[in-house]
2 protein chains.
Amino acid sequence: MAEDFDLNDASDATHLGASQRVYLGIMEDLEARRMVPGQRLIETDLAKRFNVGRNAVREAIQRLAVRGVIDPSRNKSPAIRCIDLKETLEILDVAAALTGLAAHAAARAFDAAQDQLALDTAMAALENVDTDSGPGHFSRARRQFYRVILSIGGNRELERLFPAIGMHIIYSQFQSPKLQQLRMTDYRAIRDAIVSGNANCAESAARNHVEHVRAIILKSEQE
Amino acid sequence: MAEDFDLNDASDATHLGASQRVYLGIMEDLEARRMVPGQRLIETDLAKRFNVGRNAVREAIQRLAVRGVIDPSRNKSPAIRCIDLKETLEILDVAAALTGLAAHAAARAFDAAQDQLALDTAMAALENVDTDSGPGHFSRARRQFYRVILSIGGNRELERLFPAIGMHIIYSQFQSPKLQQLRMTDYRAIRDAIVSGNANCAESAARNHVEHVRAIILKSEQE
DNA sequence: GGAACAAGATTGTAGAACAATCAACAGGCC
DNA sequence: GGCCTGTTGATTGTTCTACAATCTTGTTCC
């Protein structure tokens, strides 16, 4: 469960399955911009690179395809999924609905004694990252933030589905400095609403955040 | 795209990939109740049954796992996912949000000239199926109904994510006669709201439907 | 009856092998 | 020169074999 979040531990451990190693390795590459949308994935290359059999690569590719990270087509090398503006907006519609639900559930289930620490820790990690800023550090912190929210909400189906939203690709294609600023205030609002226990307020805050992202993308695209 | 809906064409065609054949075959088994939650999947058995290599089976299993249809654990045969009442309700929360979004988008984008026929056809298929009623026939018609709605809405991300909701499992575990009756009136309401073009009304109708399902499950579980 | 061991079943993994398909390039034809 | 076409190499789709690691089950011994 929540296997997708285990991006945190890198391509190191051998106790992970071979296909898992490939899967995580590619996700990490994507996050670190070592792979860009449109880039093709060659089975034999990946097999050599990760020191695994071609089978394992193919299994990883199946999972990436279901997750919408890559765009497979019969008898051709799959490529990192490219999305145009229209599809980006579609993804944001889905993200608004599910992020709203996640915040709603978290606010509803919030228990200070149990959840306050984890939430504050995740928030602090977000605040501290913008200075040193490795390329993927902020992404990791953001993922952790959402992971905590999902965990508080306690909806396992949402925990499973949420990482499948194509936000990866959006963040990998669009990266505006305004996004960085905006996010912190939005995240704080979401956290405060969750702590306050007002589910509808938390849902609004989450939806607002997604709409802010939409506005910035639309604006930056207009130029 | 929308590969998951291709359950319609069965295990026949050889033009499908081997792993695809296994994937669809298992989904079909699940729908026809030939496989029940908790049942284990043995790689070699499936390979023999579908006349494919073990690799292909493993690829199919990866996809089923990501989709939440099966519950894999290291070094053990994966089993069809079992869900308790609590998780069922969690799934319904997600279903309410995404079904609502689907109906909303469809109502917003509805164009009579282009969409009326498909919607009416899907609706008619639903009305006609309860008499002859093979076991999976209603499921097929329902899937087609949702497929049309998603297609009208035109949100590709939602089309991708929607079939990943664990409704399969719910319908496979709970099957009350009340469900059958209820659905038709609900579906008509959804269709009418979509045709009317009132997005909020359509969203409400969809959410109401999911809540009706929830109520029936809760009631049938209380006994 | 319970614990330790042995045998079989099943998964995890790598690799070889081959057909089918695709992409790119070369060569010939108009 | 430009266009069609065949060849060639690259890549995927697929099955098979092989073996280690692990789980499961049944048996034996105390």
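Not measured: the values here are computed from a predicted model. A note on names: the letters A, B, ... follow the listed sequences, proteins ahead of strands, and every chain is numbered from 1.
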- Message: Quick check against the 3.5 Å criterion: does B/His168 have a side-chain atom that pairs as donor or acceptor with the backbone of B/Pro163?
- Response: yes
- Item | side-chain contact (heavy atoms from CB on, under 4.5 Å) between B/Arg81 and B/Ile70, intermediate numbers included | CA-CA 5 Å; B/Arg81 181 160 152 230; B/Ile70 64 177; 5.8 Å; no
- Query: Taking atom types as they are modelled, is there a donor-acceptor pair under 3.5 Å from the base of C/dT13 to the side chain of B/Arg54?
  - Reply: yes
- Query: Hey, which of these two, A/Ala56 or B/Pro78, hits DNA chain C nearer its 5' end, going by closest nucleotide?
  - Reply: B/Pro78
- Donor-acceptor contact present, side-chain B/Ser220 to main-chain B/Ile217, <3.5 Å: yes
- Let me know the distance between CG of A/Asn51 and C1' of C/dA14, rounded to the nearest Å. 11 Å
- Give the rounded distance in Å between these two atoms: CD of A/Gln62 and C1' of D/dT12. 12 Å
- Query: Going by heavy atoms in the side chains, are A/Arg183 and A/Leu126 under 4.5 Å from each other?
  - Reply: no
- Message: Under 3.5 Å, is there any donor-acceptor pair linking the side chain of A/Asn55 to the base of C/dG12?
- Response: no
- Mind calculating the distance between CD1 (A/Ile61) and C1' (D/dT14) to the nearest angstrom? 15 Å
- Backbone of A/Gly166 reached by a side-chain donor or acceptor of B/Glu157 within 3.5 Å: yes
- With the side chain of B/Val52 defined as its heavy atoms from C-beta on, choose the nearest nucleotide among D/dG13, D/dT15, C/dA14. D/dT15
- A/Asn155 side chain to B/Glu90 backbone, donor-acceptor under 3.5 Å: yes
- Query: Rounding to a whole Å, what distance do you find between B/Arg49:CZ and D/dT15:C1'?
  - Reply: 19 Å
- Message: I'd like to check B/Val22 versus B/Met27 (side-chain heavy atoms, cut-off strictly below 4.5 Å). Are they in contact?
- Response: no
- Does a side-chain N or O from A/Ser77 land closer than 4.0 Å to OP1 or OP2 of D/dT12, or not? yes
- Message: Can you work out whether A/Lys76 or A/Glu59 has the more 5'-proximal nearest nucleotide on DNA chain C?
- Response: A/Glu59
- Hey, are A/Gln62 and B/Arg58 close enough side-chain-wise for a donor-acceptor pair under 3.5 Å? no
- Message: Using the side-chain heavy atoms of A/Asn75, tell me which of these nucleotides is nearest: D/dT12, C/dA23, C/dG12.
- Response: D/dT12
- Item | Close residues, residues 35-47 of chain B, relative to DNA chain C [heavy-atom separation under 4.0 Å] | B/Leu41, B/Ile42, B/Glu43
- Interatomic distance, B/Arg58 CZ vs C/dT11 P [rounded to whole Å]: 8 Å
- Axis-to-axis angle between the two ends of the helix from C/dG1-D/dC30 to C/dC30-D/dG1 (five base pairs per end, rounded to 10 degrees): 10°
- For B/Arg142, does the CZ atom sit with more than 12 other heavy atoms under 6.0 Å from it, leaving out its own atoms? yes
